Number of protein chains: 2
Amino acid sequence: MSNNSVFIEKLRSSGLRPTRQRVQICKILFDRQKTFHFSIKDLAKMIANDFSEKVSLATVYNTIHAFKKRGYLKEISINSDKTYFDTNTSNHHHFFNESTNELIDLENNEVGKINIKKKIPGKKIKSVEVLVKIANSN
Amino acid sequence: MSNNSVFIEKLRSSGLRPTRQRVQICKILFDRQKTFHFSIKDLAKMIANDFSEKVSLATVYNTIHAFKKRGYLKEISINSDKTYFDTNTSNHHHFFNESTNELIDLENNEVGKINIKKKIPGKKIKSVEVLVKIANSN
DNA sequence: CACTACTTTAGAATCATTATAAATTCTTAA
DNA sequence: TTAAGAATTTATAATGATTCTAAAGTAGTG
């Protein structure tokens, strides 16, 4: 369990004022061992449950965007209708469980080297992301 | 240049009545050599340009969904804010050019075998899709 | 032709997200 | 510590994409 000063520092160090709202959101997002995959809606619900003080939806959006911009979160697109964010900002991949709509991390070292044979002249590769869709075996 | 009867047959064979609107949309989508990547907005614009008769936006949505359901189109998610459809329904991958927002197909045989080392018990893999983000080399 | 089911349509409704502008809070420096 | 200015939060409105609705139109069948 981190104490708030860790998050206050984190925020300050990237030029964000450590407001109550931002610190609260940090606690939910980053005070955990495992990767966290969430939608804005999920997060808003958790804030409502975890804290007595209300945080407006606009602030949730603002904060998530600020965090994404600073590299604290990654955005993941599965289907157009679902936007998830991921606290794991390393280079990695995902399983998407179609039976449950659940996302599972797939670390870089859990996927063999990916050889992109086609080259696009004048372009360089920024990232290679794999999405593995899975479902119940039967 | 295919004639309409090809599309009328295609529609009929999958239980869709070959209405004027659907045939028009078929002509735009499928009467071409190369894969076509498009958004609903793109398509609506093309319909407006190519045909004298108006097609309502609701019909465009209905038709695209019907085509997707029947496997004539694939949906592609890049960023949450962009939904593209793809007339290439084969198992394949994509480049996404971040400089131009352009999608480029990457066929299965242009990517080396992808070895997913992590297994999820009780689940089977439905698909493996790679998204390669690219940008100008400099 | 007449019937029925399928389609299309305009417009309303919904949902997620972004914009706005006023109120609040944070930081700083006196 | 307090005043000033900038950053932030907030409620609400605005936007944009998509879906819904219910009425009008159309295709297929006998």
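Small disclaimer: the values here were computed from a predicted structure and weren't measured. A, B, ... follow the sequence lines: proteins, then strands. Residue 1 opens every chain.
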Would you mind reading off the distance between A:Lys41 atom NZ and C:dC15 atom P, rounded to a whole angstrom?
-> 8 Å
Indicate, with a heavy-atom threshold strictly under 4.0 Å, whether A:Thr59 touches base, sugar-phosphate, or nothing.
-> base
In this structure, which one of B:Asp42, B:Asp105, B:Asn88, B:Thr87 forms a side chain to side chain donor-acceptor pair (under 3.5 Å) with B:His37?
-> B:Asp105
Does A:Arg12 make a side-chain N or O approach to OP1 or OP2 of C:dT27 shorter than 4.0 Å?
-> yes
For the pair made of CD1 in B:Ile64 and C1' in C:dT7, what is the distance, rounded to whole Å?
-> 15 Å
Interatomic distance where CG belongs to B:Asn4 and P belongs to D:dA27 [whole Å] | 14 Å
Note: for B:His65 and B:Pro18 on DNA chain D, the residue whose nearest nucleotide lies more 5' is B:His65
Angle class for the A:Phe30/A:Tyr72 ring planes (parallel below 30°, perpendicular above 60°, tilted otherwise)?
-> perpendicular
Go through C:dT17, D:dT9, C:dT27 for me and flag the one nearest to the A:Asn62 side chain.
-> D:dT9
Under-4.0 Å side-chain N/O to phosphate OP1/OP2 contact, A:Ser56 with D:dT8 = no
What is the distance from CG of B:Leu11 to C1' of D:dT26, rounded to the nearest Å?
-> 15 Å
Would you call A:Glu53 and A:Arg20 a salt bridge, taking side-chain N to carboxylate O under 4.0 Å as the test?
-> yes
Take the protein atom CD1 of A:Ile25 and the nucleotide atom C1' of D:dT10, then report the distance between them rounded to whole Å.
-> 13 Å
Phosphate OP1/OP2 of D:dT9: any A:Thr19 side-chain N/O under 4.0 Å = yes
Rounding to a whole Å, what distance do you find between A:Lys54:NZ and D:dT12:P?
-> 8 Å
Look at A:Arg20 and C:dT24 and indicate whether a side-chain polar atom (N or O) is within less than 4.0 Å of OP1 or OP2.
-> no
Nucleotide nearest A:Tyr61 when distance is taken to its side chain, options D:dT9, C:dA16, C:dT7 | C:dA16
Classify the nucleic acid contact of B:Leu16 as base, sugar-phosphate or nothing, counting any heavy atom under 4.0 Å across all strands shown.
-> sugar-phosphate
Counting heavy atoms from C-beta on, name the nucleotide in C:dT17, D:dT10, D:dT18 closest to the side chain of B:Leu57.
-> D:dT18
Between B:Leu43 (CG) and D:dA17 (P), how many Å, whole number?
-> 14 Å
Measure from the side-chain heavy atoms of A:Ala58 and tell me the nearest of D:dT19, C:dA10, D:dT12.
-> D:dT12
Name the orientation class of the two ring planes belonging to A:His65 and A:Tyr61 (parallel below 30°, tilted from 30 to 60°, perpendicular beyond 60°).
-> tilted
Compare the minimum distances between each of C:dC26, C:dT9, D:dT18 and the side chain of B:Gln21, then state the nucleotide with the smallest one.
-> C:dT9
What is the distance, rounded to the nearest whole Å, between atom CZ of B:Arg17 and atom P of C:dT7?
-> 6 Å
Beyond-backbone contact of B:His94 with B:Ile78, side-chain heavy atoms, under 4.5 angstrom = no
